[in-house]
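Since the structure is predicted, the reported quantities are computational estimates derived from the model, not experimental observations. Sequence positions, counted from 1, serve as the residue numbers for this chain.
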Amino acid sequence: MTDATNSTGNVEGAAVQIGTVGRDLNINYGTPPKRPLLLRVAAVVVAVVVALLVLVSNLGTARRPSDVIAAPSSTPPLASVPSTTAVPVTTQPPVVPRPQPPKPPPPTATQQPAIQQPADPKPANDGPGYLLPSDNDQKAIDFYDNEFHDAVMWDRHPPGTDPSYQPHWVREFTGADVFRIRNEQVNRCLEPVSDGRGDHVVAKVCSGAESQLWRTQNAVQFASVSFGGCLAAVDGSYNNGNWLHITNCTAGRPDQRWRVVG
(Lines give C-alpha, C1' and ligand atoms only; values in the text may rest on other atoms or scores of the structure.)
Protein backbone atom coordinates (compact mmCIF):
# COMPACT_ATOMS: atom_id res chain seq x y z
CA MET A 1 0.00 0.00 0.00
CA THR A 2 1.34 3.41 -0.91
CA ASP A 3 1.97 5.79 1.88
CA ALA A 4 -0.18 8.88 2.01
CA THR A 5 -0.21 11.97 4.00
CA ASN A 6 -3.25 12.77 6.11
CA SER A 7 -4.27 16.23 5.27
CA THR A 8 -6.99 16.36 7.80
CA GLY A 9 -6.16 18.25 10.90
CA ASN A 10 -2.68 18.53 12.22
CA VAL A 11 -2.10 14.83 12.79
CA GLU A 12 0.81 13.63 10.88
CA GLY A 13 1.68 10.08 10.25
CA ALA A 14 1.39 7.31 7.80
CA ALA A 15 -1.95 6.34 6.35
CA VAL A 16 -3.09 2.85 7.27
CA GLN A 17 -5.28 0.61 4.92
CA ILE A 18 -8.60 0.09 6.51
CA GLY A 19 -8.92 -3.52 5.60
CA THR A 20 -5.63 -4.33 7.02
CA VAL A 21 -6.24 -2.41 10.13
CA GLY A 22 -9.58 -4.01 10.76
CA ARG A 23 -8.32 -7.45 10.16
CA ASP A 24 -5.38 -6.79 12.31
CA LEU A 25 -7.42 -5.23 15.04
CA ASN A 26 -10.08 -7.94 14.75
CA ILE A 27 -12.98 -5.45 14.78
CA ASN A 28 -16.49 -7.06 14.55
CA TYR A 29 -18.99 -4.80 12.78
CA GLY A 30 -21.94 -7.23 13.25
CA THR A 31 -24.69 -8.38 10.69
CA PRO A 32 -25.45 -5.74 8.12
CA PRO A 33 -28.96 -4.33 8.43
CA LYS A 34 -31.67 -6.16 6.29
CA ARG A 35 -34.20 -3.35 6.13
CA PRO A 36 -33.45 -2.30 2.57
CA LEU A 37 -33.96 -5.88 1.30
CA LEU A 38 -37.32 -6.29 3.04
CA LEU A 39 -38.50 -3.02 1.63
CA ARG A 40 -37.57 -4.13 -1.83
CA VAL A 41 -39.43 -7.44 -1.42
CA ALA A 42 -42.51 -5.68 -0.10
CA ALA A 43 -42.44 -3.28 -3.00
CA VAL A 44 -42.22 -6.16 -5.44
CA VAL A 45 -45.14 -7.95 -3.75
CA VAL A 46 -47.27 -4.83 -3.83
CA ALA A 47 -46.42 -4.27 -7.46
CA VAL A 48 -47.40 -7.83 -8.33
CA VAL A 49 -50.68 -7.54 -6.43
CA VAL A 50 -51.50 -4.27 -8.14
CA ALA A 51 -50.62 -5.76 -11.50
CA LEU A 52 -52.88 -8.75 -10.83
CA LEU A 53 -55.74 -6.48 -9.77
CA VAL A 54 -55.34 -4.37 -12.91
CA LEU A 55 -55.19 -7.51 -15.06
CA VAL A 56 -58.33 -8.93 -13.46
CA SER A 57 -60.14 -5.61 -13.91
CA ASN A 58 -59.12 -5.39 -17.55
CA LEU A 59 -60.20 -8.95 -18.19
CA GLY A 60 -63.61 -8.27 -16.62
CA THR A 61 -64.30 -5.26 -18.82
CA ALA A 62 -62.72 -6.54 -22.02
CA ARG A 63 -64.62 -9.83 -22.27
CA ARG A 64 -66.81 -10.08 -25.42
CA PRO A 65 -70.58 -10.69 -25.17
CA SER A 66 -70.08 -14.05 -26.88
CA ASP A 67 -67.83 -15.13 -23.98
CA VAL A 68 -70.66 -14.67 -21.48
CA ILE A 69 -72.53 -17.87 -20.83
CA ALA A 70 -76.15 -16.95 -20.25
CA ALA A 71 -78.21 -18.84 -17.77
CA PRO A 72 -80.51 -21.38 -19.37
CA SER A 73 -83.96 -19.98 -20.08
CA SER A 74 -87.21 -21.44 -21.33
CA THR A 75 -87.42 -18.84 -24.11
CA PRO A 76 -84.58 -17.53 -26.28
CA PRO A 77 -83.64 -13.89 -25.67
CA LEU A 78 -84.84 -11.36 -28.20
CA ALA A 79 -82.12 -9.72 -30.20
CA SER A 80 -81.72 -6.02 -29.68
CA VAL A 81 -82.86 -4.11 -32.78
CA PRO A 82 -82.87 -0.42 -33.57
CA SER A 83 -86.03 1.43 -32.66
CA THR A 84 -86.66 2.32 -36.33
CA THR A 85 -86.75 -1.35 -37.42
CA ALA A 86 -89.93 -3.33 -36.90
CA VAL A 87 -89.42 -6.46 -34.88
CA PRO A 88 -90.72 -9.44 -36.82
CA VAL A 89 -93.22 -11.39 -34.81
CA THR A 90 -93.50 -15.05 -35.50
CA THR A 91 -97.16 -16.10 -35.61
CA GLN A 92 -98.81 -19.40 -36.14
CA PRO A 93 -100.18 -19.96 -39.67
CA PRO A 94 -103.94 -19.29 -39.91
CA VAL A 95 -106.17 -22.28 -39.66
CA VAL A 96 -107.95 -22.71 -42.97
CA PRO A 97 -111.40 -24.22 -42.47
CA ARG A 98 -112.14 -27.27 -44.51
CA PRO A 99 -114.55 -26.55 -47.35
CA GLN A 100 -118.04 -27.67 -46.61
CA PRO A 101 -120.33 -28.99 -49.33
CA PRO A 102 -122.95 -26.40 -50.38
CA LYS A 103 -126.25 -26.72 -48.66
CA PRO A 104 -129.24 -27.26 -50.90
CA PRO A 105 -131.55 -24.23 -51.03
CA PRO A 106 -134.62 -24.49 -48.85
CA PRO A 107 -137.73 -25.50 -50.73
CA THR A 108 -139.73 -22.53 -51.83
CA ALA A 109 -143.13 -22.21 -53.28
CA THR A 110 -143.24 -22.20 -57.04
CA GLN A 111 -143.19 -18.63 -58.17
CA GLN A 112 -145.18 -17.76 -61.20
CA PRO A 113 -143.59 -15.22 -63.54
CA ALA A 114 -145.10 -11.81 -63.24
CA ILE A 115 -147.56 -11.12 -66.00
CA GLN A 116 -146.64 -7.85 -67.60
CA GLN A 117 -149.62 -5.88 -68.66
CA PRO A 118 -149.23 -4.08 -71.95
CA ALA A 119 -148.93 -0.35 -71.62
CA ASP A 120 -151.81 0.06 -74.07
CA PRO A 121 -154.13 -2.94 -73.61
CA LYS A 122 -156.12 -3.91 -76.65
CA PRO A 123 -159.82 -4.69 -76.44
CA ALA A 124 -161.12 -7.86 -77.96
CA ASN A 125 -161.79 -7.74 -81.67
CA ASP A 126 -165.34 -6.89 -82.66
CA GLY A 127 -166.93 -9.21 -85.27
CA PRO A 128 -167.15 -10.70 -87.73
CA GLY A 129 -170.56 -9.40 -88.71
CA TYR A 130 -172.54 -6.77 -90.57
CA LEU A 131 -171.43 -3.15 -90.33
CA LEU A 132 -174.74 -1.30 -89.83
CA PRO A 133 -175.78 2.32 -89.21
CA SER A 134 -177.21 2.78 -85.73
CA ASP A 135 -180.70 3.75 -86.96
CA ASN A 136 -181.28 1.23 -89.77
CA ASP A 137 -181.00 -2.57 -89.56
CA GLN A 138 -181.88 -3.06 -93.24
CA LYS A 139 -178.81 -1.37 -94.67
CA ALA A 140 -175.17 -2.46 -94.42
CA ILE A 141 -171.76 -1.40 -95.70
CA ASP A 142 -170.64 -3.22 -98.83
CA PHE A 143 -168.17 -2.52 -101.66
CA TYR A 144 -168.00 -3.00 -105.39
CA ASP A 145 -166.09 -5.93 -106.77
CA ASN A 146 -164.34 -3.88 -109.49
CA GLU A 147 -161.09 -2.00 -110.04
CA PHE A 148 -162.00 0.76 -107.55
CA HIS A 149 -163.62 -1.25 -104.74
CA ASP A 150 -165.64 1.77 -103.63
CA ALA A 151 -167.38 1.27 -100.26
CA VAL A 152 -171.13 1.85 -100.55
CA MET A 153 -174.41 1.43 -98.72
CA TRP A 154 -176.57 -1.50 -99.81
CA ASP A 155 -179.51 -3.55 -98.77
CA ARG A 156 -178.61 -6.04 -96.09
CA HIS A 157 -178.31 -9.47 -97.63
CA PRO A 158 -179.57 -12.46 -95.72
CA PRO A 159 -176.76 -14.60 -94.23
CA GLY A 160 -175.41 -17.15 -96.69
CA THR A 161 -176.16 -15.01 -99.73
CA ASP A 162 -173.42 -15.54 -102.28
CA PRO A 163 -171.57 -13.51 -103.31
CA SER A 164 -171.75 -11.04 -100.43
CA TYR A 165 -169.02 -9.30 -98.39
CA GLN A 166 -171.47 -7.80 -95.92
CA PRO A 167 -171.33 -10.28 -92.97
CA HIS A 168 -167.52 -10.49 -92.80
CA TRP A 169 -166.43 -7.17 -91.22
CA VAL A 170 -164.13 -7.24 -88.17
CA ARG A 171 -162.78 -4.41 -86.08
CA GLU A 172 -159.20 -5.54 -85.30
CA PHE A 173 -157.73 -3.49 -82.47
CA THR A 174 -154.05 -2.51 -82.49
CA GLY A 175 -154.28 -0.34 -79.35
CA ALA A 176 -156.71 0.80 -76.65
CA ASP A 177 -159.08 2.43 -79.12
CA VAL A 178 -157.23 2.15 -82.46
CA PHE A 179 -158.37 -0.47 -84.95
CA ARG A 180 -158.70 -1.30 -88.61
CA ILE A 181 -161.96 -2.31 -90.33
CA ARG A 182 -161.09 -5.49 -92.22
CA ASN A 183 -163.22 -7.76 -94.39
CA GLU A 184 -162.05 -11.27 -93.52
CA GLN A 185 -163.39 -12.88 -96.68
CA VAL A 186 -161.04 -10.99 -99.02
CA ASN A 187 -158.55 -9.33 -96.61
CA ARG A 188 -159.46 -5.76 -97.56
CA CYS A 189 -159.58 -2.78 -95.18
CA LEU A 190 -161.60 0.42 -95.34
CA GLU A 191 -159.34 3.37 -96.24
CA PRO A 192 -160.18 7.00 -97.09
CA VAL A 193 -158.79 8.25 -100.45
CA SER A 194 -158.82 11.48 -102.35
CA ASP A 195 -158.68 11.15 -106.13
CA GLY A 196 -160.16 12.67 -109.25
CA ARG A 197 -163.55 11.26 -108.31
CA GLY A 198 -163.57 13.03 -105.00
CA ASP A 199 -163.06 12.13 -101.35
CA HIS A 200 -164.49 8.73 -100.56
CA VAL A 201 -163.74 5.42 -98.83
CA VAL A 202 -162.55 2.28 -100.63
CA ALA A 203 -161.76 -1.33 -99.63
CA LYS A 204 -157.99 -1.67 -100.22
CA VAL A 205 -155.84 -4.69 -99.57
CA CYS A 206 -154.86 -4.57 -95.87
CA SER A 207 -151.31 -3.28 -95.51
CA GLY A 208 -151.02 -1.94 -91.95
CA ALA A 209 -150.66 1.63 -93.25
CA GLU A 210 -151.74 4.45 -90.95
CA SER A 211 -154.34 5.48 -93.51
CA GLN A 212 -156.18 2.22 -92.72
CA LEU A 213 -156.38 2.93 -88.98
CA TRP A 214 -159.47 4.25 -87.19
CA ARG A 215 -160.14 5.52 -83.69
CA THR A 216 -163.28 5.35 -81.58
CA GLN A 217 -164.98 8.75 -81.27
CA ASN A 218 -167.87 9.28 -78.86
CA ALA A 219 -168.07 5.49 -78.37
CA VAL A 220 -169.89 4.82 -81.69
CA GLN A 221 -168.14 7.01 -84.28
CA PHE A 222 -165.24 5.81 -86.39
CA ALA A 223 -162.69 8.64 -86.89
CA SER A 224 -159.86 8.30 -89.40
CA VAL A 225 -156.39 8.51 -87.75
CA SER A 226 -154.89 10.13 -90.86
CA PHE A 227 -157.77 12.40 -91.97
CA GLY A 228 -159.32 13.22 -88.61
CA GLY A 229 -162.96 13.13 -89.80
CA CYS A 230 -165.59 10.47 -89.15
CA LEU A 231 -166.98 7.74 -91.42
CA ALA A 232 -170.39 8.74 -92.78
CA ALA A 233 -172.80 8.15 -95.69
CA VAL A 234 -172.70 10.91 -98.31
CA ASP A 235 -175.61 13.29 -97.65
CA GLY A 236 -176.78 10.88 -94.93
CA SER A 237 -178.41 8.64 -97.53
CA TYR A 238 -178.55 4.84 -97.25
CA ASN A 239 -179.64 4.27 -100.84
CA ASN A 240 -178.02 1.37 -102.68
CA GLY A 241 -174.70 2.45 -104.18
CA ASN A 242 -174.36 5.63 -102.13
CA TRP A 243 -170.68 6.24 -101.30
CA LEU A 244 -169.12 6.44 -97.87
CA HIS A 245 -166.76 9.34 -97.11
CA ILE A 246 -165.02 11.25 -94.28
CA THR A 247 -166.68 14.34 -92.87
CA ASN A 248 -166.52 16.47 -89.74
CA CYS A 249 -167.41 14.47 -86.66
CA THR A 250 -170.87 15.43 -85.36
CA ALA A 251 -172.15 13.52 -82.39
CA GLY A 252 -175.85 13.90 -83.31
CA ARG A 253 -175.63 12.52 -86.86
CA PRO A 254 -177.11 8.97 -87.05
CA ASP A 255 -175.19 8.16 -90.27
CA GLN A 256 -171.89 8.58 -88.31
CA ARG A 257 -172.92 6.03 -85.71
CA TRP A 258 -171.94 2.43 -86.49
CA ARG A 259 -172.16 -1.02 -84.97
CA VAL A 260 -171.02 -4.55 -85.83
CA VAL A 261 -173.83 -7.13 -85.72
CA GLY A 262 -173.17 -10.82 -86.21
### Query
Can you name the nearest heavy-atom pair linking Pro123 to Gly175, along with the distance?
CD-O, 3.1 Å

### Task
Could you check if a side-chain atom of Arg182 sits within less than 4.5 angstrom of a side-chain atom of Asn187, using non-hydrogen atoms only?
yes

### Query
Does any non-hydrogen side-chain atom of Trp169 lie less than 4.5 Å from one of Pro128?
no

### Query
Heavy-atom distance under 4.5 Å between the side chains of Trp214 and Ser224, does that happen here?
yes

### Task
Decide side chain to side chain contact (heavy atoms under 4.5 Å, CB included) for Asp199 and Ile246; before the verdict, give the C-alpha distance in whole Å, the side-chain angles of both, and the deciding distance to 0.1 Å.
CA-CA 7 Å; Asp199 295 337; Ile246 298 297; over 6 Å; no

### Task
Test side chain to side chain contact (heavy atoms under 4.5 Å, CB included) on Gln256 and Thr247 and set out the steps.
CA-CA 9 Å; Gln256 290 185 351; Thr247 186; 3.0 Å; yes

### Query
If every non-hydrogen atom of Met153 is compared with every non-hydrogen atom of Lys139, which pair is closest and at what distance?
CE-CB, 3.8 Å

### Residue pair Ile141, Ile181: steps toward the side chain to side chain contact (heavy atoms under 4.5 Å, CB included) verdict
CA-CA 11 Å; Ile141 293 179; Ile181 306 172; over 6 Å; no

### Message
Does any part of the side chain of Phe179, heavy atoms only, come nearer than 4.5 Å to the side chain of Thr174, both counted from C-beta?
### Response
no

### Query
Does NZ or CZ of Arg188 come closer than 6.0 Å to the centre of the six-membered ring of Phe143, within 45° of the ring's axis?
no

### Query
Applying salt bridge (charged side-chain N to carboxylate O under 4.0 Å, His left out), which residue pairs with at least one partner in residues 239-253 are found, sequence neighbours left out?
Arg253-Asp255

### Side-chain touch Arg197/Trp243, heavy atoms, less than 4.5 angstrom
yes

